[in-house]
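Structure, as structure tokens:
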Amino acid sequence: MSKFADRSKSLDLRILVVHGPNLNLLGKREPEIYGTQTLAEIDADLEVAAKSMGAELTCFQSNHEGELIDRIQDSMGHAAGILINPGGFTHSSVALRDALVGTSLPIVEVHLSNVYAREAFRQISYVSPIALGVISGLGSRGYRFGLEALVAEIKSSHPA
Ligand code: DQA
């Protein structure tokens, strides 16, 4: 296969990775719940995993609902899928869910902690019903598993 063909394959597999509020504090924030890896380390590991899958990532974190929504809207026509940890907005944001639905892209939801083993309010997700699937409680490895699932879904729906 030529280099050119490889390149076009990776462009078809562009994934937007979205991290919601407070995830910029990973490593320092409640490490007994969220682990000791920083967000930069998680993103770097994901980049390596993405390369091995022929995918190209754009990673984005914000503490602001509107910024997250703007970034999700901007992915239309530029990404083939979205991997998202919506953080606390998981349990509160109709607007974030609407933005995700509006893209018509496949969505995989990730949580570091097992939200179903925690407070009752964390057991409600506005995103889960519109996601392809949810990975919760597997720590930072969950992002890689989510990425694998998303890439497999995109590949199966757009065969080369
Ligand atoms: C989280 C779980 C949410 O309930 C919480 O608000 C977060 C992180 C997780 O990754 O486990 O910020 O999404």
Side-chain angles (χ1 to χ4, degrees), residues 13-53 55-76 78-154:
L13 286 173
R14 278 181 297 200
I15 310 287
L16 175 65
V17 180
V18 179
H19 305 286
N22 300 306
L23 294 169
N24 55 315
L25 296 180
L26 287 179
K28 291 183 249 180
R29 173 192 181 205
E30 298 177 276
E32 66 290 356
I33 297 177
Y34 299 117
T36 53
Q37 266 196 299
T38 65
L39 191 62
E41 288 166 347
I42 290 174
D43 282 345
D45 285 354
L46 259 189
E47 291 280 1
V48 172
K51 260 204 180 122
S52 73
M53 299 174 209
E56 192 176 298
L57 301 187
T58 302
C59 300
F60 179 77
Q61 189 278 331
S62 177
N63 294 325
H64 305 279
E65 192 175 20
E67 282 183 4
L68 293 164
I69 290 168
D70 285 346
R71 193 65 193 77
I72 289 165
Q73 288 184 2
D74 287 348
S75 73
M76 291 168 77
H78 301 285
I82 300 178
L83 182 68
I84 183 165
N85 181 346
F89 288 142
T90 308
H91 321 295
S92 67
S93 181
V94 174
L96 189 68
R97 170 197 166 123
D98 286 348
L100 291 166
V101 173
T103 65
S104 301
L105 294 172
I107 311 292
V108 171
E109 177 184 352
V110 177
H111 299 284
L112 293 146
S113 65
N114 179 354
V115 289
Y116 298 100
R118 301 182 63 194
E119 301 96 325
F121 65 83
R122 292 188 207 276
Q123 294 169 32
I124 293 161
S125 168
Y126 284 86
V127 175
S128 299
I130 57 97
L132 187 63
V134 183
I135 294 175
S136 183
L138 300 180
S140 57
R141 283 175 305 159
Y143 286 97
R144 181 161 38 84
F145 301 148
L147 182 66
E148 270 170 24
L150 195 52
V151 167
E153 170 68 19
I154 295 163

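What you see is a predicted model, and the numbers here were worked out from it, not measured in a lab. Ligands are counted one by one from 1 in listed order, and the atoms in each one are counted from 1 as well. Quick note: numbers below take in every heavy atom, side chains included, and nothing from hydrogens, waters or symmetry partners.
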Non-hydrogen atoms of Gln61 and Gly20 that approach each other most closely: NE2-O, 3.1 Å
Region of Val115 engaging ligand 1 - heavy atom pairs below 4.0 Å: side chain
Residue pair Asp43 / Tyr143, side-chain donor-acceptor N/O under 3.5 Å: no
Distance from atom 4 (O) of ligand 1 to nearest protein heavy atom, with residue and atom: His91 NE2, 2.7 Å
From the candidates His111, Glu119, Gln123, the one that places a heavy atom nearest atom 13 (O) of ligand 1: His111
Where ligand 1 meets Ser113 - atom numbers and elements under 4.0 angstrom, heavy-atom basis: 2 (C), 9 (C), 11 (O)
Top protein contact for atom 8 (C) of ligand 1, by heavy-atom distance: Tyr34 CE2, 3.5 Å
Geometric class of the His91/Phe121 ring pair [parallel <30°, tilted 30-60°, perpendicular >60°]: perpendicular
Geometric cation-pi criterion Arg97 and Tyr126, 6.0 Å radius, 45° cone: no
Contact partition for Arg29 relative to ligand 1, non-hydrogen atoms under 4.0 Å: side chain
Closest protein heavy atom to atom 5 (C) of ligand 1, given as residue, atom name and distance to 0.1 Å: Arg122 NH1, 3.4 Å
Option passing side-chain contact (heavy atoms from CB on, under 4.5 Å) with Leu147 (candidates Ile135, Leu46, Val110): Leu46
Centroid-centroid under 6.0 Å between His111 and Tyr116 rings: no
N or O contact, Asn85 vs ligand 1, cut-off under 3.5 Å: yes
Polar contact flag for Gly88 and ligand 1 (N/O pairs, less than 3.5 Å): yes
Option passing side-chain contact (heavy atoms from CB on, under 4.5 Å) with Ile82 (candidates Leu132, Leu150, Val18): Val18
Polar side chain donor-acceptor pair, Ser62 to Arg71, under 3.5 angstrom: no
Ligand 1-proximal atoms of Asn22, by part, heavy-atom distance under 4.0 Å: neither
Minimum-distance protein heavy atom relative to atom 9 (C) of ligand 1: Leu112 N, 3.4 Å
